[in-house]
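What follows is one structure encoded as structure tokens, with my remarks underneath.
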There are 2 protein chains.
Amino acid sequence: MRTSDKGFNALGDPTRRAIFEKIRNRPLAVVEITKGLGVSRPAVSQHLKILREARLITVHQQGTKNFCQVDQQGIQAMKNYLDNFWDTALTAYKLVAEKKKR
Amino acid sequence: MRTSDKGFNALGDPTRRAIFEKIRNRPLAVVEITKGLGVSRPAVSQHLKILREARLITVHQQGTKNFCQVDQQGIQAMKNYLDNFWDTALTAYKLVAEKKKR
DNA sequence: TAATATGGTAAGTTTGCACTTACGGTAAGT
DNA sequence: ACTTACCGTAAGTGCAAACTTACCATATTA
């Protein structure tokens with residue numbers, strides 16, 4: 001399974017997107033992430049595991065707190081995946097436009 | 001709901017990713033897309049609707065066939081979303097590295 | 001050492017969603 | 001006009017996954 005696949009699967013869930021966006025600016029502990037999310041802390045832990053396996057976040061322990069921050073690896077994998085569709089989509093579009101003219 | 005949200009939701013499903021990749025190089029009719037996918041044609045139709053609403057594909061009729069091709073709009077929306085995490089993730093990482101030194 | 005705070009995991013429940021079959025609708029061919 | 005091919009939608013089903021509660025482990029503080 002590709003990293004990008006895990007990435008799209010991870011960000012396919014709205015709660016995980018909310019978590020991802022919450023740690024966008026600065027690393028946050030799990031308790032802080034949970035606040036205002038509307039789900040229990042164990043649920044957050046399970047989501048974090050999926051985000052971690054998709055290389056979208058990294059976790060580093062500091063005392064009893066586990067700080068989560070954005071990981072570039074997963075993001076880059078997803079960007080590369082989307083980039084591969086970029087050129088081909090353009091050429092395909094041009095082909096159709098050509099066809100219509102005739 | 002943002003276009004990028006719909007995009008991640010759409011590509012979060014493996015069958016929809018398979019469809020998306022199948023029309024990567026050239027537009028395909030629904031029947032052709034269905035071949036070798038392992039799901040029924042109605043299932044494909046339902047997936048196509050979701051991909052269309054996420055601006056990831058466009059559909060144009062030609063006789064009785066409905067040709068599907070990649071749409072740049074949805075892709076661009078997702079790329080923009082990921083780009084917004086790019087810089088901030090870097091600065092956040094630097095902040096943590098600074099903190100560790102002290 | 002006792003108490004508190006943080007958080008991961010196990011087990012069970014529920015709900016959303018990906019799938020199916022059945023049907024109708026349109027366009028092209030004979 | 002009849003048949004065939006292509007396709008979307010409606011309705012119902014089954015399962016994966018997102019949630020819950022309960023429990024345990026670890027690290028800090030008093």
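The chains referred to below are lettered A, B, ... by the order of the sequence lines, with proteins before strands, and numbering in each begins at 1. Model, not experiment: these values are computed from the prediction.
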Nucleotides 8-12 of chain C: which of its N/O atoms have a protein N/O under 3.5 Å away?
unit_1	atom_1	unit_2	atom_2	d
C:dG8	OP1	A:N66	ND2	2.6
C:dG8	OP2	A:S45	OG	2.5
C:dG8	N7	A:R41	NH1	3.0
C:dG8	O6	A:R41	NH2	3.0

Range on DNA chain D touched by chain A, heavy atoms, distance below 4.0 Å: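 Terminal contacting nucleotides, 5' to 3': D:dA18 to D:dT28.
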To the nearest 0.5 Å, how far apart are [atom1] in [X] and [atom2] in [Y]?
X: B:D13; Y: A:N9; atom1: CG; atom2: CG; answer: 9.5 Å
X: B:Q69; Y: B:T58; atom1: CD; atom2: OG1; answer: 4.0 Å
X: A:I33; Y: A:I57; atom1: CD1; atom2: CD1; answer: 6.5 Å

For the residue pair [X] and [Y], establish whether any side-chain heavy-atom pair is separated by less than 4.5 Å.
X: A:E21; Y: B:Y81; result: yes
X: A:N66; Y: A:L48; result: no
X: A:K6; Y: A:M1; result: yes

For B:T64, side chain to side chain contact (heavy atoms under 4.5 Å, CB included) partners two or more places apart: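 Partners of B:T64 by the side chain to side chain contact (heavy atoms under 4.5 Å, CB included) criterion come out as none, since no residue qualifies.
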A:V31: side chain to side chain contact (heavy atoms under 4.5 Å, CB included) partners, not counting sequence neighbours: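 For A:V31 there are no side chain to side chain contact (heavy atoms under 4.5 Å, CB included) partners, ignoring immediate neighbours.
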Sole residue of B:L28, B:V30, B:T34 in side-chain contact (heavy atoms from CB on, under 4.5 Å) with B:E32: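 Of the listed options, the one satisfying the test is B:L28.
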Sole candidate of A:L56, A:T3, A:D5 that passes side-chain contact (heavy atoms from CB on, under 4.5 Å) when paired with A:M78: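 Going through A:L56, A:T3, A:D5 one by one, the side-chain contact (heavy atoms from CB on, under 4.5 Å) with A:M78 is satisfied by A:L56 alone.
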A:G63 backbone acceptor or donor facing A:Q61 side chain under 3.5 Å: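 Checking the backbone N and O of A:G63 against the side chain of A:Q61, a donor-acceptor pair under 3.5 Å is found.
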Carboxylate-amine/guanidinium proximity below 4.0 Å for B:D83 and A:K79: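 So B:D83 pairs with A:K79 through a salt bridge.
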Value in whole Å for how far the C1' atom of C:dT6 lies from CG of A:L28: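 To the nearest whole Å, that distance equals 15 Å.
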Nearest-Å distance for atom pair NE2/C1', residues A:H60 and C:dG7: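 A:H60 atom NE2 is separated from C:dG7 atom C1' by 15 Å.
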Nucleotide nearest B:T64 when distance is taken to its side chain, options C:dA28, C:dG7, C:dA18: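 Comparing C:dA28, C:dG7, C:dA18 against the side chain of B:T64, the answer is C:dA28.
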Range-with-range stems for DNA chain D, at least three Watson-Crick or G-U pairs under 3.5 Å: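 C:1-30 with D:1-30 - these are the stems of 3 or more pairs that involve DNA chain D.
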Residue mapping more 5' on DNA chain D - nearest nucleotide basis, A:S40 or A:Q61: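 Whichever sits nearer the 5' end wins; that is A:S40.
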Position toward the 5' end of DNA chain D (nearest nucleotide), A:G63 or A:V39: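 Its nearest nucleotide being more 5', the pick is A:V39.
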Working for side chain to side chain contact (heavy atoms under 4.5 Å, CB included), residues B:R52 and B:K49: CA-CA 5 Å; B:R52 189 153 32 87; B:K49 186 179 182 181; 4.0 Å; yes
Residues in contact with DNA chain D, drawn from residues 6-22 of chain B - heavy-atom cutoff 4.0 Å: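 Residues of residues 6-22 of chain B that come under 4.0 Å of DNA chain D do not exist, since none gets that close.
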